[in-house]
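As the structure lists them, so they are numbered: ligands from 1, and atoms in each ligand from 1. Side chains are part of it too, since the values below use all heavy atoms of this structure and drop only hydrogens, waters and symmetry mates.
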Amino acid sequence: MSGAVVTLSGGVGGAKLVLGMSYVVAGRELVVACNTGDDFTHLGLRVCPDIDSVLYALSGLSDQTRGWGRKDESWTFMSAMKDLQGPEWFNVGDGDLAMHVLRTDMLAQNKTMAEVTGNLALRMGIEADILPMSDDPVATIVHTDAGDLAFQHYFVREQCGPRVAGFSFDGTENAKPQSQIVDTLQSDPEAIIIAPSNPYVSVDPILQLKGMKAALKNAGAPIVAVSPIIGGKAIKGPAAKMMQELGKDVSVLGIAAHYQDLIDGLVIDVQDAELAPQIREMGIKTHLMQTIMTDLSGRIELAKATLNFAQECRT
Ligand code: FO1
């Protein structure tokens, strides 16, 4: 067993668990596959929100309140943008801007997204392997009653208001799972963790990549998900609203059903204890614990318990 722990992560919830993981799994044994379906080019800059949430979290730079971007941020760039009547719907802080400029410049030098991300992680003192789910571009499209929306238009410009009917992932037919992720999966990893991220727009873009599900299933490692739904609600973001609009069971049962063909175990909050037997009937083992991560120790506790539970799920 290589001892590597592969974590699929997207959004704020994903970054929180990954931070906890970084205290439990030594440095380079932690391999994070980040969703890049949220990525888009804004004012010529390549913006990768779910990669940056992980980079900022692991380097101690993240703004815990906002959940995205950097702490102690200043907004001169945005006020100048307003003066010049430029787009204001997507807020880019002055420090965050440096990340987007540097990344765009590196990509222009024909570096792959993985090389750029690894380079930035190194400069930020991060030891874990932070990887894009693919080096090829994939764009999540949200199909809503207001039309087909690019992800950031749905999430930020429309504030997750429109009713969702479904999702598609442009580019997924040609996008390959990032090679280092595949190599790690083929080297007998210790565990595969699906972070408490939005199953539709943070995890599915990763799982839909050609060959990714097979690579996960053939890794010979337990696959454990942490539910992003607690007591029928999402801690942050539109996951519960999406489940309701899609006619799914807005509960840990809906999450279990979503991952049923993939996961060995599901970590759920103690609030949902009465649903555990039904999840076990679906052939999924359950682990009950306090899953709301309010502080660093909570994140570390959840990471520790999830990894222990994964070992219990090892068939
Ligand atoms: N989310 C917002 O709700 N409003 C914003 O103005 C905003 C700007 C932004 C800039 C950089 C970045 O990396 C993330 C940003 N986000 C913003 C969050 C982003 O839309 C989400 O974090 C992910 O795409 C979904 O998790």
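With a 4.0 Å heavy-atom cut-off, ligand 1 is reached by no atom of Asn198. If you look at Val201 next to ligand 1, there are no close heavy atoms at all, none under 4.0 Å.
Scanning all protein heavy atoms for the shortest distance to atom 8 (C) of ligand 1 gives Asn91 O, 3.2 Å. The protein heavy-atom contact nearest to atom 20 (O) of ligand 1 is Gln152 OE1, 2.7 Å. Atom 11 (C) of ligand 1 has as its closest protein heavy atom Asp96 OD2, 3.3 Å. With hydrogens left out, the protein atom closest to atom 1 (N) of ligand 1 is Trp68 NE1, 3.3 Å, a heavy atom. In terms of protein heavy atoms, atom 13 (O) of ligand 1 is closest to Pro49 CA, 3.3 Å. Closest to atom 4 (N) of ligand 1 among all protein heavy atoms lies Val156 CG1, 3.4 Å. Looking at atom 21 (C) of ligand 1, its nearest protein heavy atom turns out to be Phe155 CE2, 3.7 Å. At the top of the distance list for atom 25 (C) of ligand 1, counting protein heavy atoms only, stands Asp38 OD2, 3.1 Å.
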Applying ring-ring contact (aromatic ring centres under 6.0 Å, His included) to His153 and Phe40, what does each step give before you reach the verdict?
CA-CA 10 Å; His153 286 168; Phe40 75 129; 7.2 Å; no

Can Arg314 and Asp264 be said to form a salt bridge (Lys or Arg N to Asp or Glu O under 4.0 Å), step by step?
CA-CA 8 Å; Arg314 185 171 277 281; Asp264 302 301; over 6 Å; no

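Taking every non-hydrogen atom of Gly11 and a distance limit under 4.0 Å, the qualifying atoms of ligand 1 come out as 26 (O). Numbered from 1 in the order shown, with element, the atoms of ligand 1 that lie under 4.0 Å from a heavy atom of Phe151 read 24 (O), 25 (C). Each of the following atoms of ligand 1 lies closer than 4.0 Å to a heavy atom of Asp50: 23 (C), 25 (C), 26 (O).
The side-chain heavy atoms of Asp272 and Ser251, taken from C-beta on, include no pair separated by under 4.5 Å. Between Leu288 and Asp269, the closest side-chain pair of non-hydrogen atoms is not below 4.5 Å.
Ile130 and Met106 fall within a single hydrophobic cluster, where Ile, Leu, Val, Met, Phe, Trp and Tyr are joined by side-chain heavy atoms under 4.5 Å apart, directly or via other members. Following chains of ILVMFWY side-chain contacts shorter than 4.5 Å, one cannot reach Val6 starting from Val54, and the two form parts of different hydrophobic clusters.
Counting non-hydrogen atoms of other residues, nucleotides and ligands closer than 6.0 Å to CD of Glu127 gives a total of 12 or fewer.
Here Phe151 and Phe167 keep their ring centres 6.0 angstrom or further from each other.
Heavy-atom minimum distance, Pro49 versus Asp39: CD-OD1, 3.7 Å.
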